[in-house]
Structure formats: structure tokens, C-alpha cells
Chemist: 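I have a structure here, written as C-alpha cells, and I will follow up with some questions on it.
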Amino acid sequence: MLNLAAPKRLVLSLTASNPLEGQTVTVLVNGRAVEKFENIPTAARLTGFRRYEVPFDAPPGTVEIALEFTRYNRRSAEDTFAPEDKEPLAVTISGLEITPANP
């Protein structure tokens with residue numbers, strides 16, 4: 001969560017690896033979808049990291065950023081890539097930052 005005194009153009013940068021074919025990641029700002037990455041490339045577990053950037057306009061006040069995934073570990077037999085792990089893992093995130101957008 002962020003708390004802004006004034007509206008601001010920001011960029012969410014995310015570096016992630018996706019083990020599940022057909023994965024869709026939706027970026028939400030205050031519950032509103034601002035970007036959707038569909039069928040993101042699949043990679044072996046903990047490899048194939050890619051960078052995604054999402055510019056968005058943040059309103060003043062509290063700003064909540066969330067990521068939604070259509071597929072995750074153990075959702076179904078075909079979605080299970082780490083059977084020993086009981087957590088609903090979706091992607092491996094190796095970096096995440098929010099910065100002001102360049103003018």
C-alpha cells in the first residue's frame with residue numbers, strides 16, 4: 001500500500017518467472033484492473049525471469065496494488081508444479097518496485 005498526498009503517474013516493475021502454461025496476471029490498483037498479461041511465457045521452475053512494466057495513474061490517498069493469477073500450484077492436477085508445497089504459488093517474483101514515471 002502507498003499513501004500519496006497528490007495524484008502521481010507511477011510505474012510498477014515486476015521481474016518474475018512463470019511455471020504454468022496459460023498463466024494470466026492482472027495488476028489491480030484500488031481494485032481496478034490497469035494491466036493484464038495473458039499467456040505469459042512458461043519457464044522451468046526458478047528460471048526464465050522476465051521483466052514486466054505497468055505505468056498507472058495513482059490517485060491521492062491510500063493506493064493498494066494487487067496481483068491476481070488465473071493459475072496456481074495445486075489448483076488442479078495440471079496446475080501442480082510443486083506437489084510438496086501446500087501454498088497456492090503462482091509465479092516466482094525476484095524483483096518488484098514502484099517508481100515515478102518519467103515525464
Side-chain angles (χ1 to χ4, degrees):
M1 253 193 279
L2 305 170
N3 198 353
L4 300 176
K8 193 168 204 166
R9 181 91 170 143
L10 299 172
V11 177
L12 170 74
S13 299
L14 172 72
T15 303
S17 173
N18 169 46
L20 294 165
E21 187 174 337
Q23 179 70 274
T24 296
V25 178
T26 303
V27 179
L28 300 124
V29 174
N30 290 346
R32 183 178 62 86
V34 295
E35 183 69 74
K36 184 182 278 192
F37 298 101
E38 297 180 298
N39 292 312
I40 62 174
T42 311
R45 196 169 171 192
L46 302 177
T47 67
F49 285 89
R50 291 177 175 251
R51 186 173 174 92
Y52 302 90
E53 293 193 350
V54 181
F56 65 96
D57 293 312
T62 301
V63 180
E64 182 176 289
I65 299 168
L67 303 174
E68 285 186 347
F69 307 94
T70 56
R71 304 186 76 192
Y72 49 88
N73 189 46
R74 300 174 60 88
R75 184 185 125 220
S76 68
E78 74 174 17
D79 287 335
T80 299
F81 61 90
E84 70 285 356
D85 197 327
K86 305 296 186 229
E87 297 298 320
L89 306 172
V91 300
T92 300
I93 297 173
S94 67
L96 187 136
E97 63 183 352
I98 299 167
T99 56
N102 291 331

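Everything quoted here is computed from the prediction, not taken from an experiment. Note: hydrogens, waters and symmetry copies are ignored here, and every other heavy atom, side chains too, is used.
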Chemist: Should we say atom CG of Asn102 is surrounded by more than 12 heavy atoms from elsewhere, each under 6.0 Å from it?
Modeler: no
Chemist: To the closest 0.5 Å, what do you measure between CD1 (Ile93) and OH (Tyr52)?
Modeler: 11.0 Å
Chemist: Looking at Arg9, I'd like to know if its CZ atom is crowded, meaning that more than 12 non-hydrogen atoms belonging to other residues, nucleotides or ligands lie closer than 6.0 Å.
Modeler: yes
Chemist: Would you say the side chain of Ile40 lies within less than 4.5 Å of the side chain of Thr24, judging by non-hydrogen atoms?
Modeler: no
Chemist: To the nearest 0.5 Å, tell me how far Leu12 CG sits from Glu53 CD.
Modeler: 9.0 Å
Chemist: Do the side chains of Val25 and Val11 join up, straight or via other hydrophobic residues, at under 4.5 Å, putting them in one cluster?
Modeler: no
Chemist: Of all the heavy-atom pairs spanning Val91 and Ala16, show the shortest one and how long it is.
Modeler: CG2-CB, 4.3 Å
Chemist: When rounded to the nearest 0.5 angstrom, what is the spacing between CG in Leu67 and OG1 in Thr26?
Modeler: 9.0 Å
Chemist: Would you say Phe69 and Val29 are hydrophobically clustered, going by side-chain heavy atoms of ILVMFWY under 4.5 Å?
Modeler: yes
Chemist: Taking Leu96 as the starting point, is it possible to reach Val63 by hopping between hydrophobic residues whose side chains are less than 4.5 Å apart?
Modeler: yes
Chemist: Taking all heavy atoms of Ala58 and all of Leu10, pick out the closest pair and write down the distance.
Modeler: CB-CD1, 3.8 Å
Chemist: Identify the two heavy atoms, one from Ser17 and one from Ala43, that lie closest to each other, and give their separation to 0.1 Å.
Modeler: OG-CB, 4.0 Å
Chemist: At what distance, to the nearest 0.5 angstrom, does OG of Ser94 lie from CZ of Arg50?
Modeler: 13.0 Å
Chemist: Distance check, rounded to the nearest 0.5 Å: Leu4 atom CG versus Thr62 atom OG1?
Modeler: 9.0 Å
Chemist: Heavy-atom distance under 4.5 Å between the side chains of Pro59 and Pro7, does that happen here?
Modeler: no
Chemist: Can you measure from CG (Leu14) to CD1 (Ile65) and round to the nearest 0.5 angstrom?
Modeler: 11.0 Å
Chemist: Specify the closest pair of heavy atoms between Thr70 and Gly22, including all atoms of both residues, with the distance to one decimal.
Modeler: OG1-O, 4.0 Å
Chemist: To check you understand the geometry: which heavy-atom pair defines the closest contact between Phe37 and Val27, and what is its length?
Modeler: CE1-CG2, 4.4 Å
Chemist: Check Pro19 against Ala90 and note the closest heavy-atom contact, atom names and distance.
Modeler: CD-O, 3.4 Å
Chemist: Can any side-chain N or O of Glu38 pair as donor or acceptor with the backbone N or O of Gln23 at less than 3.5 Å?
Modeler: no
